[in-house]
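Written below as structure tokens is the structure these notes are about.
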Amino acid sequence: ILFVEHISTQIYNISVVFNRYIDLMKIVIIKNIALISLTIYLIIEKETNSLKLIIIGWFVLSIFQLIICWFYFNNQQKKFRLKILPIKVKEVFSQFNLSKIHFLIGLVAIVWIQLDRIVVGLWFSPERMGVYYRHVALIGILYQIFNIVSYNRLIPLVYGSAKNQAYSFI
């Protein structure tokens with residue numbers, strides 16, 4: 001689910017700049033509407049295992065979205081004669097060397113998140129853990145709103161400049 005949601009965000013980012021990806025954005029919107037509809041239905045029906053059913057529904061919808069995106073990008077690859085596969089191991093290490101700092105920052109972030117969960121699990125009672133993770137979720141929602149309102153408003157300008165301007169200008 002997390003991987004597909006990341007892909008959804010990237011589809012939004014690229015479709016802001018390149019109109020040919022709008023079709024994929026429509027797929028993301030349809031998936032989200034289906035997920036919201038499932039959630040509303042389960043709330044109305046007062047289903048006892050609603051969270052489990054929502055997660056299963058989200059997973060199934062995410063798999064469908066992933067398959068559709070794979071077919072779309074595979075067709076684009078054939079259409080524009082791009083050769084992406086097979087990937088040479090040497091190219092992977094070359095890319096790693098170029099983005100080593102970014103990779104290490106991501107690795108530290110992942111380790112920090114896991115340590116946070118372990119410490120919270122060891123120190124807090126189940127009730128306090130629930131309160132803690134509720135606050136983490138609320139901050140995550142606020143962060144997403146901030147992302148949409150500020151960061152995503154700048155994406156067209158930045159990506160448009162990247163397409164049309166010299167590197168020194170950006």
Side-chain angles (χ1 to χ4, degrees), residues 1-16 21 24-25 27-70 72-73 84-156 158-159:
I1 292 171
L2 182 64
F3 178 71
V4 172
E5 291 305 314
H6 178 72
I7 288 175
S8 298
T9 302
Q10 296 309 311
I11 287 170
Y12 169 75
N13 291 343
I14 198 168
S15 67
V16 165
Y21 297 107
L24 287 178
M25 197 63 223
I27 299 300
V28 173
I29 291 169
I30 290 169
K31 181 203 70 175
N32 290 337
I33 289 172
L35 188 59
I36 290 169
S37 300
L38 172 66
T39 304
I40 291 171
Y41 172 77
L42 292 173
I43 289 171
I44 290 171
E45 290 296 318
K46 295 182 171 79
E47 181 65 40
T48 56
N49 289 329
S50 59
L51 182 60
K52 180 179 178 182
L53 293 173
I54 290 169
I55 291 174
I56 291 170
W58 197 357
F59 173 76
V60 170
L61 291 168
S62 295
I63 293 296
F64 283 135
Q65 179 186 337
L66 188 62
I67 291 168
I68 291 169
C69 288
W70 183 84
Y72 182 86
F73 282 116
I84 297 173
L85 295 175
I87 298 172
K88 297 176 184 162
V89 175
K90 192 176 188 181
E91 292 174 0
V92 173
F93 285 113
S94 172
Q95 177 63 35
F96 171 75
N97 287 332
L98 291 173
S99 61
K100 192 183 303 182
I101 298 297
H102 185 258
F103 173 78
L104 291 174
I105 290 170
L107 184 63
V108 168
I110 289 171
V111 169
W112 185 257
I113 289 171
Q114 297 309 316
L115 286 174
D116 176 51
R117 291 176 181 166
I118 291 170
V119 169
V120 167
L122 290 174
W123 284 357
F124 287 178
S125 67
E127 293 83 20
R128 292 205 54 201
M129 279 176 42
V131 170
Y132 174 80
Y133 285 116
R134 179 188 66 204
H135 290 126
V136 167
L138 290 173
I139 294 300
I141 290 168
L142 290 175
Y143 176 72
Q144 284 293 82
I145 291 170
F146 171 77
N147 224 2
I148 291 167
V149 170
S150 64
Y151 173 75
N152 285 343
R153 291 178 60 106
L154 295 174
I155 285 175
V158 173
Y159 285 169

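We count residues from 1, following the sequence as given.
Atom CG of residue N49 and atom CD1 of residue I56 lie 8.5 Å apart, to the nearest 0.5 angstrom. The CG atom of L115 sits 7.0 Å away from the CH2 atom of W112 when rounded to the nearest 0.5 Å. Expressed to the nearest 0.5 Å, how far CD1 of I55 lies from CG of L35 amounts to 10.0 Å. We find the CZ-CG distance between F73 and L24 to be 5.0 Å, quoted to the nearest 0.5 Å. Separating the CD1 atom in I33 from the CG atom in L38 is a distance of 14.0 Å, to the nearest 0.5 Å.
Heavy atoms of other residues, nucleotides or ligands lying less than 6.0 angstrom from CZ of F64 number 12 at most.
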Give every donor-acceptor pair under 3.5 Å between a side-chain atom in residues 100-108 and any protein atom, sequence neighbours left out.
none

Taking only distance into account, with no hydrogens and no angle test, what donor-acceptor pairs under 3.5 Å do side-chain atoms of residues 132-140 form with protein atoms, sequence neighbours excluded?
residue	atom	partner	partner atom	Å
Y132	OH	D116	OD1	2.7
Y132	OH	D116	OD2	2.9
H135	ND1	V131	O	3.0

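Nearest heavy-atom pair, S62 versus V4, reported as atom, atom and distance to 0.1 Å: O-CG2, 3.6 Å. Residue Y21 comes nearest to I11 through the heavy atom pair O-CG2, 4.4 Å, listed as atom of the first residue, atom of the second, then distance. Nearest heavy-atom pair, I68 versus I27, reported as atom, atom and distance to 0.1 Å: CG2-CG1, 4.0 Å.
Partners of I113 by side chain to side chain contact (heavy atoms under 4.5 Å, CB included), not counting sequence neighbours, listed by chain and number: R117. Annotation: salt bridge (Lys or Arg N to Asp or Glu O under 4.0 Å) contacts of E5 (sequence neighbours excluded): K31. Legend: residues meeting side chain to side chain donor-acceptor pair (under 3.5 Å) with T48, ordered by chain and number and at least two apart, are absent. Remark: S50 pairs with L42, E47 by the side chain to side chain contact (heavy atoms under 4.5 Å, CB included) rule, at least two apart or across chains. S8 meets the side chain to side chain donor-acceptor pair (under 3.5 Å) test with Q65; sequence neighbours excluded. Residues passing the side chain to side chain contact (heavy atoms under 4.5 Å, CB included) test with F3, sequence neighbours excluded: I7, L66. E127 pairs by the side chain to side chain donor-acceptor pair (under 3.5 Å) definition with S125, not counting sequence neighbours. With sequence neighbours left out, I44 forms a side chain to side chain contact (heavy atoms under 4.5 Å, CB included) with I40.
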